[in-house]
Amino acid sequence: MASSTSLNSLSPVNASSSLKTSDYPNPKSLQLSSFYHSFPTHNLQISKTYQFHPFRLDSTAAFFKSKSKNKHNSTTPTTFQPQASSDPSRSTKVQELYVYEINERDRGSPAYLRLSQKEVNSLGDLVPFSNKVYSGDLQKRLGITAGICILIQHSPEKKGDRYEAIYSFYFGDYGHLSVQGAYLTYEDTILSVTGGSGVFEGAYGEVKLQQLIFPFKIFYTFYLKGIKDLPAELICKPVDPSPDVEPSPAAKACEPHAVVPNFTN
C-alpha cells in the first residue's frame, strides 16, 4: 500500500491542479443493476474501496523503449529445426512379404450388414470378415485376417464397390500386421500398413491388393519398413497369382510341418 507522501510525489497523466475528488463518481452511486441481472452475486463480496493509482509517463516510456531495444538487438532469428529420428531400429529398408487370403467358406464370412436398408449396396453398409491366410508359396498356413469394410460407393457401371477397409493379418507367434485404406472390388488397390506387433512391431509401408476372385481369393504384396529382418519362415518365392491357385494339401489340413508356430485360427 503506497503512503500519502509517495502518492503526492507522482504526477497523473493529463491531470490538472484543479482536479478534485468530486470529479470521480461516488461508489455508492454506481448502478450495478445490470451486473446483478446477468451474473449471480449473492455470494460475492463487493468492495466499496476504490483507489486511483496514477503513473509516471517517463517510466512507462522507458519500459517500452527497453522492450524495443531488446527486440532490435536480437541477431539470431528463431527458426524450427526438424530433428532426425535417432531410433536405429526405425529402418527404411524395404522388405517384401507375400501372402494369400483365401475364403474357404467355412468361417461364415463375409457377413453383409445392410444398414442402409436399401435393396442395392449403399453408403454405410458394413461387411465384417475373417478369412484364412497362407504363405505366398501356398505351402504354409500362417493365420487369418480379421476386419471390417465400410461401403463408400456403389459403382454399377464398374460392376463393383468401393470400401474403406480396416483389418489385420495374424501370423501366430510372429505377431500381426494392421492395414487401412481403399478396397476396390473391381481393380487392384494400395493400402497403408499402419503398424504391427511381434516381429512386425514398428512396421509401416504399403501393401498391394490383387483381387483374384471376389471375395474368395486375394494376393497381397507387402512393402514393409521400420522392422528387423523378417524370419526365414515367412520369406518365400510366391506362386504367380491366378484364380486357380490353391494351398497345398498339408497347409490346408494344418499339418504340423505346414503351419507357423501357434498359427492363428
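These numbers come from the heavy atoms of this one structure, side chains and all, not from hydrogens, waters or symmetry mates.
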Item to check | K132: partners by salt bridge (Lys or Arg N to Asp or Glu O under 4.0 Å), with sequence neighbours left out | outcome: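 By the salt bridge (Lys or Arg N to Asp or Glu O under 4.0 Å) rule, K132 matches E104, D106.
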
Item to check | Non-neighbouring partners of E96 that pass salt bridge (Lys or Arg N to Asp or Glu O under 4.0 Å), sequence neighbours left out | outcome: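 For E96 there are no salt bridge (Lys or Arg N to Asp or Glu O under 4.0 Å) partners, ignoring immediate neighbours.
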
Can you list everything that forms a side-chain hydrogen bond (donor to acceptor under 3.5 Å, both in side chains) with [X]? Sequence neighbours excluded, please.
X	answer
S130	R107
Y112	N121, D125
Y100	none

Next on the checklist: By the salt bridge (Lys or Arg N to Asp or Glu O under 4.0 Å) test, which pairs, at least two apart or in different chains, include something from residues 202-218?
Outcome noted: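 Pairs touching residues 202-218 that pass the test: K217-E246.
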
Next on the checklist: Using a 4.5 Å cut-off between side-chain heavy atoms of Ile, Leu, Val, Met, Phe, Trp and Tyr, which other residues end up in the same hydrophobic cluster as Y186?
Outcome noted: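 Other cluster members: L184.
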
Checklist entry - Remaining members of I213's ILVMFWY cluster at a side-chain heavy-atom cut-off under 4.5 Å? => result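 Direct or chained contacts put I213 with F216.
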
Item to check | Residue list, side-chain contact (heavy atoms from CB on, under 4.5 Å) with D229, at least two apart or on another chain | outcome: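 Applying side-chain contact (heavy atoms from CB on, under 4.5 Å) to D229 gives K93, Q95.
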
Spatial distance of atom [atom1] ([X]) from atom [atom2] ([Y]) [nearest 0.5 Å]:
X	Y	atom1	atom2	result
Y183	D188	OH	CG	11.0 Å
L209	I190	CG	CD1	8.5 Å
L123	I152	CG	CD1	6.0 Å
Q211	E187	CD	CD	10.5 Å
N131	I102	CG	CD1	9.5 Å

Using the rule that Ile, Leu, Val, Met, Phe, Trp and Tyr join whenever any side-chain heavy atoms are under 4.5 Å apart, tell me whether [X] and [Y] fall into a single cluster.
X	Y	answer
I144	L177	no
V193	L234	yes
L230	V99	yes
L138	L97	no
I227	I235	yes

Expected list for residues 196-204: side-chain donor-acceptor pairs under 3.5 angstrom, two or more places apart:
residue: S197; atom: OG; partner: H176; partner atom: N; Å: 3.2
residue: S197; atom: OG; partner: H176; partner atom: ND1; Å: 2.7

Under 4.5 Å between any side-chain heavy atoms of [X] and [Y], yes or no?
X	Y	value
V127	L113	no
V179	F222	yes
V239	F219	no
P215	F129	no

Which pairs would a plain distance check flag for residues 254-264, meaning a side-chain donor or acceptor within less than 3.5 Å of a matching protein atom at least two apart in sequence or in another chain?
residue: N262; atom: ND2; partner: D173; partner atom: OD1; Å: 3.1
residue: N262; atom: ND2; partner: D173; partner atom: OD2; Å: 2.9
residue: T264; atom: OG1; partner: G172; partner atom: N; Å: 3.2

Next on the checklist: Under a plain distance cut-off of 3.5 Å, with no hydrogens placed, do T145 and E101 share a side-chain donor-acceptor pair?
Outcome noted: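 Judged by distance alone, the side chains do pair up.
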
Checklist entry - Would you say the side chains of S135 and D137 form a donor-acceptor pair under 3.5 Å? => result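 S135 vs D137: donor-acceptor pair found between side chains.
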
Item to check | Short side-chain to backbone donor-acceptor contact, S116 and R114, under 3.5 Å | outcome: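 Between the backbone of R114 and the side chain of S116 there is no qualifying donor-acceptor contact (under 3.5 Å).
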
Next on the checklist: Please give me the minimum heavy-atom distance between D161 and T185, naming the atom from each residue.
Outcome noted: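 Scanning both residues, the minimum pair turns out to be N-OG1, 2.9 Å.
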
Next on the checklist: For a quick test of reading the model, state the closest non-hydrogen atom pair linking N265 to R141 and the distance between them.
Outcome noted: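 Closest heavy-atom pair between N265 and R141: OD1-NH2, 2.8 Å.
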
Which pairs would a plain distance check flag for residues 162-169, meaning a side-chain donor or acceptor within less than 3.5 Å of a matching protein atom at least two apart in sequence or in another chain?
residue: Y167; atom: OH; partner: Y220; partner atom: OH; Å: 3.0
residue: S168; atom: OG; partner: S178; partner atom: OG; Å: 2.9

